[in-house]
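Have a look at the structure below before the remarks.
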Amino acid sequence: MKLPQTSSVDFNAIVSDIGSGQIKIPQFQRDFVWSVTKAAALMDSIIKGYPIGTFIFWKTKERLRSVRNLGGIELPVPEDGESVNYVLDGQQRLTSMFACFKGAEVSRADSNKVDDFSKIYVDLDAGEDEQIVITDISKKADMSYISILHLLDGDFDMLAQYPRDYYDKLKSYKERIQSYQYPIIRISDAPIDVATEIFTRINVGGKPLSLFEIMVAKTFDADKNFDLSEKYGELITELQTCDYETIPDSAVLQAVAI
């Protein structure tokens, strides 16, 4: 295993890497639970130039079971032999950012709600010491706010429709987001056992990965269409007919090993 490498990437690089499938969320990560309000607070920090923490990636050519839809967007599968960056720390922030940049609708596992991340706005009347990125525009006048999606993707004609007094802010806020340097630590050439141990140690929830979660990641085979988690789900469904669905996943793994 090589020593961790630190670097920073800008907006275009990180969005491009996610969109091309070079950054993946491994299945052993916890579910996405951030709300639009929390994502707006993150974007507010980015616009103000505040630190938002470091992303930790595991760079490897191994293929794990991963979340292929990030922010509700279907992402491609990298070519065989290409390295992939699996997110060990920062998936809530990373998913929130990407969903916001793409204006995606995302389901949250903690509430079964679908949040629309296109409804995150920049308040063009706000001062630097106020909340610049908001979600509630019910009391805002027309053309005194802009969605981050339109701020980043809007063409000249669309942005020119805003009052001239806002031109400097529109330009400044767009440049701040696009030039923000996102800090990254990459762990390269490490076996999965080391990667999952690192994940367990930095996991803020303090809940270590179970043996079953590690085996799900380690045994995934895209070519053979084998997914241990899906196979286990099918088995439990079948066992429900004879009231054996409470068999722990560890017992199933032991039986397979035998």
Side-chain angles (χ1 to χ4, degrees), residues 18 21-34 55-80 82-96 98-99 104-115 187 190-258:
I18 295 174
Q22 295 302 311
I23 296 175
K24 294 286 190 186
I25 306 295
Q27 194 66 31
F28 57 71
Q29 278 277 14
R30 309 309 177 198
D31 292 327
F32 179 71
V33 296
W34 272 27
F55 298 116
I56 300 180
F57 295 161
W58 171 40
K59 186 177 181 180
T60 179
K61 292 184 179 180
E62 285 198 51
R63 290 295 184 263
L64 304 185
R65 186 170 190 262
S66 60
V67 178
R68 293 168 66 177
N69 293 325
L70 186 62
I73 299 170
E74 183 74 23
L75 299 177
V77 178
E79 297 291 334
D80 289 340
E82 286 187 357
S83 293
V84 176
N85 293 284
Y86 291 104
V87 180
L88 298 182
D89 188 42
Q91 77 124 337
Q92 302 292 330
R93 288 167 287 150
L94 202 62
T95 302
S96 295
F98 188 68
E105 293 185 350
V106 182
S107 297
R108 279 197 286 134
D110 62 335
S111 63
N112 293 320
K113 285 181 59 180
V114 176
D115 285 341
I187 314 294
I192 188 172
D193 308 74
V194 171
T196 53
E197 175 64 17
I198 292 171
F199 170 80
T200 297
R201 293 191 181 197
I202 62 179
N203 179 18
V204 294
K207 180 183 176 183
L209 292 173
S210 68
L211 175 61
F212 184 76
E213 288 174 312
I214 293 174
M215 290 303 295
V216 166
K218 197 168 185 177
T219 59
F220 177 70
D221 191 324
D223 293 334
K224 296 180 180 179
N225 195 30
F226 178 79
D227 186 329
L228 179 61
S229 180
E230 290 182 359
K231 295 295 183 184
Y232 176 72
E234 293 171 3
L235 174 63
I236 293 302
T237 299
E238 191 172 332
L239 292 176
Q240 285 177 341
T241 60
C242 50
D243 297 328
Y244 272 90
E245 71 275 11
T246 57
I247 293 177
D249 51 31
S250 59
V252 174
L253 286 179
Q254 290 170 344
V256 170
I258 292 172

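These numbers come from the heavy atoms of this one structure, side chains and all, not from hydrogens, waters or symmetry mates.
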According to side chain to side chain contact (heavy atoms under 4.5 Å, CB included), who are the partners of K61, at least two apart in sequence or on a separate chain? S83
How far does [atom1] of [X] sit from [atom2] of [Y], to the nearest 0.5 angstrom?
{"X": "E105", "Y": "D115", "atom1": "CD", "atom2": "CG", "answer": "9.5 Å"}
{"X": "Q92", "Y": "I25", "atom1": "CD", "atom2": "CD1", "answer": "9.0 Å"}
{"X": "Q91", "Y": "I23", "atom1": "CD", "atom2": "CD1", "answer": "13.0 Å"}
{"X": "F55", "Y": "L88", "atom1": "CZ", "atom2": "CG", "answer": "13.0 Å"}

Working for side chain to side chain contact (heavy atoms under 4.5 Å, CB included), residues F57 and I187: CA-CA 6 Å; F57 295 161; I187 314 294; over 6 Å; no
Report yes if the side chains of T60 and Y86 come closer than 4.5 Å at any heavy-atom pair, otherwise no. yes
Measure from the side-chain N and O atoms of W58 to the backbone N and O of A190, and report whether any donor-acceptor pair falls under 3.5 Å. yes
Exercise answer: donor-acceptor pairs, residues 246-258 side-chain atoms, under 3.5 Å, sequence neighbours excluded:
none

Please indicate whether Q240 has more than 12 foreign heavy atoms, meaning atoms of other residues, nucleotides or ligands, lying under 6.0 Å from its CD. yes
